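Have a look at the structure below before the remarks.
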There are 2 protein chains.
Amino acid sequence: MNVEKAWETLKEHSFKRTKNREAILEFLAERDGYTAAMDVGEFLKKDNPGVSFDTIYRNLTTFAELDILEETDLNGERQYRMHCDPGVHHHHFICTVCGKTKHIPSCPMDHIAVNLPGVEIQGHKFEVYGKCPQCQ
Amino acid sequence: MNVEKAWETLKEHSFKRTKNREAILEFLAERDGYTAAMDVGEFLKKDNPGVSFDTIYRNLTTFAELDILEETDLNGERQYRMHCDPGVHHHHFICTVCGKTKHIPSCPMDHIAVNLPGVEIQGHKFEVYGKCPQCQ
DNA sequence: CTATTAATAGTAATGATTACGATTCACTCC
DNA sequence: GGAGTGAATCGTAATCATTACTATTAATAG
């Protein structure tokens, strides 16, 4: 997912093109890992010191719902990144220092006999944590 | 892990036997899934209405450090459960309604070729979410 | 250009968790 | 069993991330 595609999706859903949204998308497009909502906000303040929490969280949530961003909870904070390859299921290694990610192409649900009679499976989470080469 | 073993561990580390700790352990021993820290606190208040946050969180954190409890973050809340089988690595299905868990004996790290050259792996998280038979 | 409606700013409220000084209590040693 | 000592707790305030709300601003359609 890139900025252009993101705007296509937004237009399809009649979302307006605003400076804040442009800044969020451009910022996250540059990064190749997860970024905390608050850190996205910090970046927005450079161009727009008065940006409000409402704006930051509302847009990030909207983008995640539209599959423009991926979302995860990392030690109590909500973190976002550009959606890798929409429609293709995948997982991530996440650097606990810088948030940078690496793709893990396979999924445990395909490899493990998760034998759960009677339960209704709704989702799953698989993340590998550690330090990337740059952060060691 | 049961209450008795927990007390052995606590004694080994010179922790004192208090009413609050007894209540936490007995409460969690009865449950077979994850419980939010706040809900543990609610239970403590039945016997001890004035129990403080400090007491609740400090003890839960201590117990988790001693591997008496297992800990996870579930939609922004810290959740705890008795440690299943200390020393034996495992994962869980977690009911999103009641928090009840089911064991998943295998681990994705054994089955998936996580090909991550240069990274230092520190940990991983694998959880399956859904509704247990009782909550459907 | 104007209307209309979404988007935002500014700020207050919430909810979970952490922090801390003063007090109480569990355990040790006599 | 009773005093002494440090751990544990209480009561409460502070913090941090997130949510909520109202008045104002601005993006797009016509």
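The analysis underlying the following values was restricted to heavy atoms, covering all of them including side chains, and did not include hydrogens, waters or symmetry mates. Residue numbering restarts at 1 for every chain, and letters A, B, ... go by the order of the sequence lines. The structure presented is a predicted model; accordingly, all values stated were derived computationally and were not measured.
Rounded to whole Å, atom P of C:dA19 lies 16 Å from atom CD1 of B:Ile56. Taking atom CG of B:Asn75 as the reference point, atom P of D:dA17 lies 18 Å away to the nearest angstrom. Taking atom CG of residue B:Leu44 and atom P of nucleotide D:dG11, one finds them 14 Å apart after rounding to whole Å. Look at CD on B:Glu77: it is 13 Å from C1' on D:dT18, rounded to the nearest Å. Note: CD (B:Glu22) to C1' (D:dT9) measures 15 Å, nearest angstrom. Rounded to an integer number of Å, the gap from A:Arg78 CZ to D:dC16 P is 18 Å. Here C:dG15 presents its C1' atom at 14 Å from CD of B:Gln79, a figure rounded to the nearest Å. Distance CG (B:Leu10) to C1' (D:dA8): 13 Å, rounded to an integer number of Å.
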- Message: For a quick check, with a 4.0 angstrom heavy-atom cut-off, what is the B/S/- contact string for nucleotides 7-14 of chain C, read 5' to 3'?
- Response: SBBBB---
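Among the protein residues, B:Ala37 comes within range of the sugar-phosphate backbone only, with heavy atoms under 4.0 Å from sugar or phosphate atoms but none that close to a base.
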Per-pair distances, 0.1 Å, donor-acceptor, side chain in residues 27-37 of chain A, under 3.5 Å, sequence neighbours excluded:
residue, atom, partner, partner atom, Å
A:Arg31, NH1, A:Thr35, OG1, 2.7

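Looking at B:Phe63 and B:Ile24, their side chains come closer than 4.5 Å, going by heavy atoms from C-beta outward.
Interatomic distance, B:Glu127 CD to B:Phe93 CZ, rounded to the nearest 0.5 Å: 11.0 Å.
Using a 4.5 Å cut-off between side-chain heavy atoms of Ile, Leu, Val, Met, Phe, Trp and Tyr, with links allowed through other members, B:Met82 and B:Leu60 fall into the same hydrophobic cluster. Linking ILVMFWY residues whenever their side-chain heavy atoms come closer than 4.5 Å, directly or via other members, leaves B:Leu74 and B:Tyr80 in distinct clusters.
Direction change of the helix axis from one end of the helix from C:dC1-D:dG30 to C:dC30-D:dG1 to the other is 30°, with five pairs defining each end axis (rounded to 10°).
A perpendicular orientation is assigned to the rings of B:His92 and B:His90, their planes being inclined by more than 60° (bins at 30° and 60°).
Between A:Met38 and A:Arg17, the residue whose closest nucleotide on DNA chain D is further toward the 5' end is A:Met38.
OP1 or OP2 of C:dT17 lies within a sub-4.0 Å distance of a side-chain N or O belonging to B:Tyr57.
Counting only N and O atoms by type, the side chains of B:Asn20 and B:Asn48 include a donor and acceptor under 3.5 Å apart. Side-chain contact check for A:Asn75 and B:Asp73: no donor-acceptor pair (N or O, by modelled atom type) lies under 3.5 Å.
When each of B:Lys125, B:His91, B:Met109 is checked for a side-chain contact (heavy atoms from CB on, under 4.5 Å) with A:Phe126, only B:Met109 meets the rule.
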